[in-house]
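Worksheet for the structure shown next.
A note on names: the letters A, B, ... follow the listed sequences, proteins ahead of strands, and every chain is numbered from 1. Please read all numbers here as calculations on a predicted model, not as lab measurements.
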Amino acid sequence: MRQFSTNEFLFILAAMQWTVVLSLLAFALGGALGGLVAVLRVSRLLPVRLLATGYVQLFQGTPLLMQLFLVYYGLGLFGLRLDAWTAVTVAYSCYAAAFLGEIWRGCIQAVPREQWEAAKAMSFTYLQQLRLIVIPQAVRIAIPPTVGFLVQLVKATAVASIIGFVELTRAGQLMTNATFQPTIVYPLVAALYFALCWPLSLWAQHLERRLRVDNAMGRKK
Amino acid sequence: MTYVFQFGIVLDHFDRMLAGAWLTIRLAGLAMVLGLAVAVVCAYLRTAGPKPLRALVGAYVEAIRNTPLLIQLYVVFFSLPSLGVRMDANEAALVAMVINLGAYATEIVRAGVQSVPRGQIECGVALGLTRLQVYRLIVLFPALKAVFPALASQFILLLLGSSVVSAISANELTAISNTLQSTTFRAFEVYIIATIMYLAIAVAFRGLFAALYWYVFVRGRGR
């Protein structure tokens, strides 16, 4: 039986990079798709709005684990032979898109109506209003909750271990099986997640506080 | 596409999936009640408790909110037994879910507590109520009312998150689905049905929360 020593620790630490890579990949792809979802959610066309709402409801109303299983087994049915990486990336991107889309929709709608109207009065087209006037202001509001969601996303990647994707959690399982020392391994894995997430949480809180101060100052003027 | 869907073979085992769904509902429901109880106590300690306890609750909240539920589950189920705390899978699942939800809900309830106007608390103190009485009789009700929507969505997140307890062989809906797909080889059909069941449970819980909100906070309180 192996003892838990430096090598085992390094194995877990090395696996942590896949947690980070998967989180970033899902964030980038999910962010691109989420931006689209957010814009469609505030569209003036009802069917488009309904479609985007349905997407969000579907992914926020079902467990992430089920989404993983469905992508993993489901896309295989269409003759797409997926490796674990592709399946996991697709599933997490769709998941992130639903949440980010919903967060960003809130931010777009938080921009005062007058901004839209003023832009319209300047005879901007709908897309120009959105792109040049509303989104630049929405982005500022959106940053703190987006960073907050990144924490949620990092934690959510742990679920990928269940379908055998090797990241931090799976590495912890493998090392537990090799050393029979779950008392050391799992608290250590928890500590590593904490080391990833806590700075992000603090950053999100800091950004939120700063935004609130900025807003309060803006109102005073 | 050459694949032929066969839901029949899955529907033959539908009663087992229903049993799994029922366990999911019971686990989530119980975790919601106990988690809220933890949160009400911790939110009090966090806002009005002695300094060391405040710090302790703060550490608990931060530790849980920055680690995945799955890892918390593993710590409860695999790590604690070597310290002499032994639980079966379902108990461990419930304990981990309560600990997890407790931390998130503490933060939410605390926000509610802080939204109660200071004047009301001062009134309570002026009337000679103790701190605990002020919290219980004056602060708690409006605080819970203010944050009820946030609590409800956190509850739904927990319900959906509960599917990961299948990883420690608690036999709820996801675990039953895993067993079924490995015996029937109809993975896609099994998981589609399980997903629809989760969606239905989530919708039902949302309805329940809306009714609860009306019953507790709106009805007869318009005076």
Side-chain angles (χ1 to χ4, degrees), chain A residues 19 57-79 99 148 151-152 154-163 167-170 172-173 176-177 180-202 205, chain B residues 1-5 24 61-83 100 153 156-157 159-168 173-175 177-178 181 185-203 205-206:
Chain A
T19 292
Q57 293 288 331
L58 185 67
F59 279 88
Q60 289 195 343
T62 56
L64 173 61
L65 186 54
M66 286 293 143
Q67 295 161 21
L68 274 173
F69 282 141
L70 284 178
V71 169
Y72 196 67
Y73 293 107
L75 292 183
L77 301 186
F78 298 98
F99 279 85
V151 177
Q152 197 186 327
V154 171
K155 288 184 294 177
T157 57
V159 176
S161 66
I162 294 178
I163 63 164
E167 36 65 82
L168 190 46
T169 304
R170 185 83 187 124
Q173 281 177 338
T176 307
N177 295 343
F180 294 106
Q181 285 176 305
T183 333
I184 299 176
V185 176
Y186 287 129
L188 174 75
V189 171
L192 289 175
Y193 272 109
F194 189 80
L196 274 180
C197 294
W198 202 44
L200 284 174
S201 295
L202 291 178
Q205 277 167 25
Chain B
M1 194 169 122
T2 51
Y3 191 85
V4 180
F5 286 99
T24 292
V61 169
E62 286 302 313
I64 297 300
R65 294 202 335 149
N66 288 296
T67 52
L69 173 61
L70 188 58
I71 289 296
Q72 292 156 15
L73 200 63
Y74 286 159
V75 169
V76 169
F77 190 60
F78 294 117
S79 302
L80 288 188
S82 24
L83 303 175
N100 182 273
S153 44
I156 298 290
L157 281 180
L159 167 73
L160 301 176
S162 78
S163 72
V164 305
V165 305
S166 60
I168 60 163
L173 183 50
T174 306
S177 310
N178 290 341
Q181 74 91 7
F185 299 105
R186 289 288 155 188
F188 193 70
E189 290 89 332
V190 169
Y191 290 127
I192 276 283
I193 292 177
T195 304
I196 294 170
M197 285 169 93
Y198 270 111
L199 199 58
I201 297 172
V203 169
F205 264 100
R206 279 209 192 105

| Nearest-0.5 Å distance, CG of residue Leu65(A) to CG of residue Leu70(B) | 9.0 Å

| query | Taking all atoms of both residues into account, what is the closest heavy-atom pair of Lys155(A) and Arg65(B), and its distance? | reply | NZ-O, 2.8 Å

| For Leu64(A), which residues count as a side-chain contact (heavy atoms from CB on, under 4.5 Å) partner, sequence neighbours excluded? | Gln67(A), Tyr92(A), Tyr95(A), Ala156(A), Val159(A)

| field | chain A contact via Ser153(B) - side chain, backbone, both or neither, heavy atoms under 4.5 Å | value | neither

| said: Need one label for Ile201(B): side chain, backbone, both or neither, based on atoms under 4.5 Å from any heavy atom in chain A. | reply: neither

| said: With a 4.5 angstrom heavy-atom cut-off, is it the side chain or the backbone of Leu199(B) that approaches chain A, or both, or neither? | reply: both

| note | Interatomic distance, OH@Tyr191(B) vs CG@Leu68(A), rounded to 0.5 Å, equals 10.5 Å

| So which of Val151(A), Thr157(A), Thr169(A), Val189(A) has the biggest tally of heavy-atom pairs under 4.5 Å with chain B? | Thr169(A)

| query | Looking at Leu83(B), Leu69(B), Thr174(B), which makes the most heavy-atom pairs under 4.5 Å with chain A? | reply | Thr174(B)

| note | Applying ring-ring contact (aromatic ring centres under 6.0 Å, His included) to Phe78(B) and not counting sequence neighbours gives Tyr186(A), Tyr74(B)

| task | Please indicate whether Phe188(B) has more than 12 foreign heavy atoms, meaning atoms of other residues, nucleotides or ligands, lying under 6.0 Å from its CZ. | result | yes

| field | Atom pair OG/CD1 of Ser163(B) and Ile162(A) - distance to nearest 0.5 Å | value | 7.0 Å

| field | chain B contact via Ser161(A) - which portion, at a heavy-atom distance below 4.5 Å | value | side chain

| remark: Given Gln181(A), Gln60(A), Gln173(A), the one with more heavy-atom pairs under 4.5 angstrom with chain B than any other is Gln173(A)

| request: Work out which heavy atom in Ile71(B) is nearest to a heavy atom in Ala190(A); give both atom names and the distance. | output: CG2-CB, 3.5 Å

| said: Working to the nearest 0.5 angstrom, can you tell me the gap between Thr67(B) OG1 and Tyr193(A) OH? | reply: 10.0 Å

| request: Quickly, which of Thr195(B), Leu160(B), Leu173(B) forms a side-chain contact (heavy atoms from CB on, under 4.5 Å) with Met66(A)? Name it, please. | output: Thr195(B)

| remark: Pro182(A) and Ser79(B) have their tightest heavy-atom pair at O-OG, 2.7 Å

| said: Counting only non-hydrogen atoms closer than 4.5 Å, does Gln181(B) touch chain A with its backbone (N, CA, C, O), its side chain (CB onward), both, or neither? | reply: side chain

| said: Between Pro187(A), Ala195(A), Gly172(A), who has the most heavy-atom pairs with chain B when the cutoff is under 4.5 Å? | reply: Pro187(A)

